[in-house]
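Written out below as structure tokens is the structure these notes cover.
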2 protein chains.
Amino acid sequence: MVEPHRSPLNRARVLEAAIALADEAGPDALSMRSLSARLGVVPMALYKHVADKDDLVSGVIDTVVSRYPAPDAGLGWRESVRYRVHAARAALERHPWLRSGILQATRQSPAVLAHLDAVAGDLARAGFSYDLIHYGMHALGHRVWGFAPEAFSPAPGAAPAPAPDPAQLAALAAAFPHVASIAADSTARNPAGACDDDAEFDFGLELLLDAMERLHAAGWVSR
Amino acid sequence: MVEPHRSPLNRARVLEAAIALADEAGPDALSMRSLSARLGVVPMALYKHVADKDDLVSGVIDTVVSRYPAPDAGLGWRESVRYRVHAARAALERHPWLRSGILQATRQSPAVLAHLDAVAGDLARAGFSYDLIHYGMHALGHRVWGFAPEAFSPAPGAAPAPAPDPAQLAALAAAFPHVASIAADSTARNPAGACDDDAEFDFGLELLLDAMERLHAAGWVSR
DNA sequence: GAGTCAGGTGTACGGCGTACACCTGAGCTA
DNA sequence: TAGCTCAGGTGTACGCCGTACACCTGACTC
């Protein structure tokens, strides 16, 4: 019945399959049941390799983050941090579900810690105080993972603008004039209509790096 | 059998009960079934007042956000924005589940739009260009909702440090020296040990407001 | 007095994570 | 060689979830 000598599962193969499944079908499709089906195995078999669902997604995050490339050693702190953040952003583009995974996983993972440690190390080597590094990284927030903390569209995979009829749209513009003006200004500048995600992301990133540079030079101390 | 003339449900009462339930038992306990039980009604009855679960949580968010107080009209743009952001933060403290709700809800809500519009309005009245307002609010990100985009502990309600044994801790410190140094520096400054969330939040907020002020004065334009 | 209809009911389906008992076969030891 | 251990896969079951669909009921209208 069983394939002769089907090599036994292990954690790495489970995680790899989970990544592939999420890539193909999105984060919601990553269930213990569908994953086990993909591996030709019964759902409970996964629990021999993974403590629970949370451990699974933490492991997936860990696997992906552990593959972030490292910047050249010779780079300045700013280029180095930027490189790491953009590397995270690039991974996010290849695995859009990563965002929800990072938001969902609760177990701390070595690779995740290593990424944070590396960013902190870039700053420490440049002479930043750990006090400033600490506060600065909190200010950076999710940006160190390559995505901005969006206040607008919480779910980036949701319905893409349900074609609002003009009357409704006019009412909206009247009720929320400033939001409407932002939209108008934005489409005037970029007729394609959508936000320029990359530009906005880099705007925020450089803003914060600038600020940290200035505070470092000024000998900032907390409180 | 039924209570005589039990007043019929309506959307507002459903949302109010949902808020109370979330306050008492957390966001995970807010299910259609438990909510209906609380209202003495069968689960499907809720669907007469709410389109689906997502509509429920969107409605809850809308209700809470619509109660954010408004700053005095005479305030400067900076005080006004700060007031709104801190008002959101205060609401978050009263309803910790709000964070997960905001992250989870996908339907756009009038109150949410109004909050964003109000912040944008504060800036617009001070003469900021909509271009800068747009980019600036993206940089602010979730901070306009009163919570920082945490890169460290994704789930603020999770296990509170599982008392790691010293050997393990030393190994961690060796593997992640910069993270360890940050922790050491932080506990040296604040023997209580924990991060000073408020100080970190305000640090990031003021950083961004400073930057926006400077860019505005310099006549910044995107691209 | 018949019709409409808002609002509450009951049943059911298909999904989820996972506890628990069990089986199986390879590898070791006596 | 007989028996043991034990890692790894199985099968069944439970309790939860959101919600589709058909139904009932009682108030209000023409």
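FYI, side chains are in, hydrogens and waters are out, and symmetry mates aren't considered; it's all heavy atoms of this structure. So you know, we letter chains A, B, ... as the sequences are listed, proteins then strands, and number each from 1.
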What do you reckon, are the aromatic ring centroids of Y68(A) and H115(A) less than 6.0 Å apart?
yes
Whole Å only: how far is the [atom1] atom of [X] from the [atom2] atom of [N]?
| X | N | atom1 | atom2 | result |
| --- | --- | --- | --- | --- |
| Y47(B) | dA20(D) | OH | P | 7 Å |
| D55(B) | dG18(D) | CG | C1' | 14 Å |
| L39(B) | dT9(C) | CG | C1' | 15 Å |
| K53(A) | dC17(D) | NZ | P | 16 Å |
| M44(A) | dT18(C) | CE | P | 9 Å |
| L46(A) | dG11(D) | CG | P | 14 Å |

Under the ring-ring contact (aromatic ring centres under 6.0 Å, His included) definition, can you give me all pairs with a residue in residues 81-114 of chain B, not counting sequence neighbours?
H95(B)-W97(B)
First locate atom CG of D28(A), then atom OG of S100(A), and finally report the distance between them rounded to the nearest 0.5 Å.
7.5 Å
Please list, pair by pair, any protein nitrogen or oxygen found under 3.5 Å from a nitrogen or oxygen in nucleotides 3-7 of chain C.
residue : atom : partner : partner atom : Å
dG7(C)  : N7   : K48(B)  : NZ           : 3.3

Would you call E24(A) and R38(A) a salt bridge, taking side-chain N to carboxylate O under 4.0 Å as the test?
yes
May I ask you to say whether D122(A) pairs ionically with R82(A), meaning some side-chain N is under 4.0 Å from a carboxylate O?
no
Can you list, in residue-number order, the parts of residues 24-34 of chain B that come under 4.0 Å of DNA chain D, counting heavy atoms only?
S31(B), M32(B), R33(B)
Should K48(B) and L9(B) count as side-chain neighbours, where that means a heavy-atom distance under 4.5 Å?
no
Check whether the side chains of S31(A) and S34(A) place a donor and an acceptor atom closer than 3.5 Å, and report yes or no.
yes
Assuming nearest nucleotide by heavy-atom distance, tell me which of A51(B) and V42(A) is located more 5' along DNA chain D.
V42(A)
Would you say H142(B)'s side chain and E150(A)'s backbone share a donor-acceptor pair under 3.5 angstrom?
yes
